[in-house]
Each structure stands twice: as structure tokens, then as C-alpha cells.
Amino acid sequence: MQTNKPIIRFLKIAGTVALIIIGSLIVIASAFLLFPDFFVNRFAKEKIEKAFAERYPAYSLSLGNIHYNVWGNNVVFNSLDLTSKDSSFACAAASAAIRGVDWWKILGGEDTAYFSYLASTRINTENIVLSFPRSHYELRCDRLQISVPDSNIVAAGLAFDHLLENSKDSNFTCAVASAILNDVDCLRLLGGEDTSHVSPFIRAHGNAEMLMFTFPRTHYELRCDRLQISVPDSEIVADSIDLRPRVEDAEFFADSKFRKTRFRFSVPQTKIIGYDILATMREEK
């Protein structure tokens, strides 16, 4: 009986240690479930920025405070800034929400080459500004939604404007009330795979509403109620096209020392068939 005492003592110590470890894990897990934002901002945010820098060394990513909803698997960034190190590009978003990411696959390193952990991902961003300082233009978007399972991209409140104060020097500006792209391979697009060959868009169909192009130098504007694009059908359809001067007659004619003609025309519908849209996206001649 005496020989069993060391074993019993060891089992008691081991049991106590096991209880302490289990209790500590329970406390940590409970704290993470109750206060996930603290852990994410304290330990994960910097790692995300470093991981992005390693994968895309030409860019710098800066994240604001992160809110993580454990039960809804939803991550919200209250601000997001992305800049190129050569100062040719900058992007800022007031907020960005990502949900549906399979974090267990990422942590386990499972199938990351094919980005399957993003298969159920939905991204919502608001008040996005993309600046191109070298060309003196910026692209703004009030709301952008990307849904991988639905294979679509939805944008609202798009505007492409000149960065300089004197907008009359710009060739053109553009505004679009809303736009949607369907049948987009969002998984390939988000993964950055083969994007030089625009493969995510080979089956895409697009629809844009209420487009307006302005040409400050010539004082004209072009309006279009609806624009439809089909990549697989090589087809572009524009409804209700209207070209007209954007200023009054006195200002229009006073801009030139010589006589000039004022144009205005309206077309109910224009259809272009057989147009290689992918070649245009690749900037091929």
C-alpha cells in the first residue's frame, strides 16, 4: 500500500495541473467570445498587415479598428487604406465588412492554393475612393458589394472625376447611379489568379443604370439610361442615348472666337454585336 502513495500523489498533481490548464483555456475562450475585438486588434491586425505586405510587396495596407462577430463570422473594419509604394495608386474605404470566410481552413493551411476558404465570402464596403495621382483622376463609389457564392459584383454611386481644381481642363468625367456584374468568377478574382488574362470575366454579364459622361473642354454631356454588356455574347446594348451641350447657348458660343456648330441627337437604342470585350479589357489593339 505504501508503494501506491507516490502514484496517487502524482495523479493528484497531474489532475490539478490538468484542471488548471482546462480552466485557463475555458477562461481564455470565454474572454475571446465575450471580448473578441480586443484579441483581434491586439494580436491579429498587425499580422494581417504584415501578411499582405509579404504577398503584395508593392503595396502597403493600413487597417483601422476591427470588430469581429464570432457567432455571425463577420469582420468589420472601420477604415481601410491601401497605397502603392510608387505613389501611383491609393485606395481608402470608410468601412469594410467581410463575412463567410472559412478561418479554420486558413489556420489549418488547407487548400489555400485554390482559395476555397473564400467560397462563401461576402464583402460590403462603403465610401470608397481610388486615386490615381499621376493621371490626376479619382474613382469614387458609395457602396460596393462582392458575393462569391452569388458570382456577382454590385456598385452604387460611381463617379470618375478629375483631381485638379480646374475641372475644365479634364477630358471627361463620368457618373453611374448603379451597376451590377453577374456570372463573375469572384473566387478567382479575389485570389488574384490569372487576372492578367481577365479570366474571371469570361462569362460576365453587366448592367448599368443612369450613366452620364461630361466633356468639360467641349461643353457636351452624354446621357444613357441603361447600358448592358455581355462578354460571352460579345454584345453591348445602350438604351436612350442623348448627346447635348451642358451649358446655355451664350456660354457655348462665347467659348470660341470662330463660328462653330452645336450638336444634339437622341437615339432610342444602340446595339453593338461581335465586339471583343475581353480584348478591350486587356488593352489589346
State which residues pass side-chain contact (heavy atoms from CB on, under 4.5 Å) with Gln228; sequence neighbours excluded, sorted by chain then number. Asn207, Arg226, Val237, Asp239

Counterpart residues, ring-ring contact (aromatic ring centres under 6.0 Å, His included), relative to Phe89 (two or more places apart): Phe132

Among residues at least two apart in sequence or on other chains, which ones pass side-chain contact (heavy atoms from CB on, under 4.5 Å) with Ser88? Ser84, Asp86, Arg134

Go through the steps to decide whether Ile153 and Cys186 satisfy the test side-chain contact (heavy atoms from CB on, under 4.5 Å), and finish with yes or no. CA-CA 8 Å; Ile153 301 173; Cys186 298; 4.2 Å; yes

Gap separating the CD1 atom of Ile229 from the OG atom of Ser234, nearest 0.5 angstrom: 11.5 Å

Quick one: side-chain contact (heavy atoms from CB on, under 4.5 Å) partners of Leu222, sequence neighbours excluded? Phe213, Phe215, Ile241, Leu243

Can you tell me which residue among Ile123, Ile98, Val101 is in a side-chain contact (heavy atoms from CB on, under 4.5 Å) with Leu118? Val101

Results of salt bridge (charged side-chain N to carboxylate O under 4.0 Å, His left out) for Lys85 - residues two or more places apart only: none

Go through the structure and list residues passing side-chain contact (heavy atoms from CB on, under 4.5 Å) with Val76, not counting sequence neighbours. His67, Asn74, Ala97

Could you walk me through whether Thr214 and Tyr220 pass the side chain to side chain donor-acceptor pair (under 3.5 Å) test, one step at a time? CA-CA 6 Å; Thr214 60; Tyr220 274 96; over 6 Å; no

Which pair of non-hydrogen atoms, one from Ala156 and one from Cys141, has the smallest distance, and what is that distance? O-SG, 3.7 Å

How many angstroms lie between CZ in Phe77 and CD1 in Ile66, if you round to the nearest 0.5 Å? 4.5 Å

Which residue pairs pass the side-chain hydrogen bond (donor to acceptor under 3.5 Å, both in side chains) test when at least one of the two sits in residues 174-183, sequence neighbours left out? Asp183-His205

Is there a path of hydrophobic side-chain contacts, each under 4.5 Å between heavy atoms of I/L/V/M/F/W/Y residues, joining Ile273 to Ile202? no

Residues sharing Val154's hydrophobic cluster, by side-chain heavy-atom contacts under 4.5 Å among ILVMFWY, directly or via others? Ile180

Residues forming a salt bridge (charged side-chain N to carboxylate O under 4.0 Å, His left out) with Glu49, sequence neighbours excluded: none

Which residues pass the ring-ring contact (aromatic ring centres under 6.0 Å, His included) test with Phe160, sequence neighbours left out? Tyr137, Phe172

side-chain contact (heavy atoms from CB on, under 4.5 Å) between Asp161 and Arg140, worked out: CA-CA 8 Å; Asp161 290 327; Arg140 298 190 303 274; 2.6 Å; yes

What heavy-atom pair brings Leu80 and Ala96 nearest, and what distance separates the two atoms? CD1-CB, 4.4 Å

Check for me, please, whether Val129 and Tyr59 land in the same ILVMFWY cluster - side-chain distances under 4.5 Å, paths through other members count. no

Pairing residues for Arg99 by the salt bridge (charged side-chain N to carboxylate O under 4.0 Å, His left out) criterion, not counting sequence neighbours: none

Would you please test Met212 and Met210 for side-chain contact (heavy atoms from CB on, under 4.5 Å) and show each step? CA-CA 7 Å; Met212 185 175 72; Met210 304 303 296; over 6 Å; no

With sequence neighbours left out, which residue pairs that include part of residues 144-153 fulfil the salt bridge (charged side-chain N to carboxylate O under 4.0 Å, His left out) condition? Arg122-Asp150

When you compare the side chain of Thr83 with that of Cys91, does any pair of heavy atoms fall below 4.5 Å? no

Could you pull out the closest heavy-atom pair between Leu278 and Phe201, with the gap in Å? CD2-O, 4.2 Å

Is atom CD of Glu46 surrounded by more than 12 heavy atoms (other residues, nucleotides or ligands) closer than 6.0 Å? no

Return the minimal non-hydrogen interatomic distance between Asp242 and Phe265, and the atom names on each side. OD1-O, 3.4 Å

For Ser230 and Ile277, work out which heavy atoms get closest and say how close. O-CD1, 3.5 Å

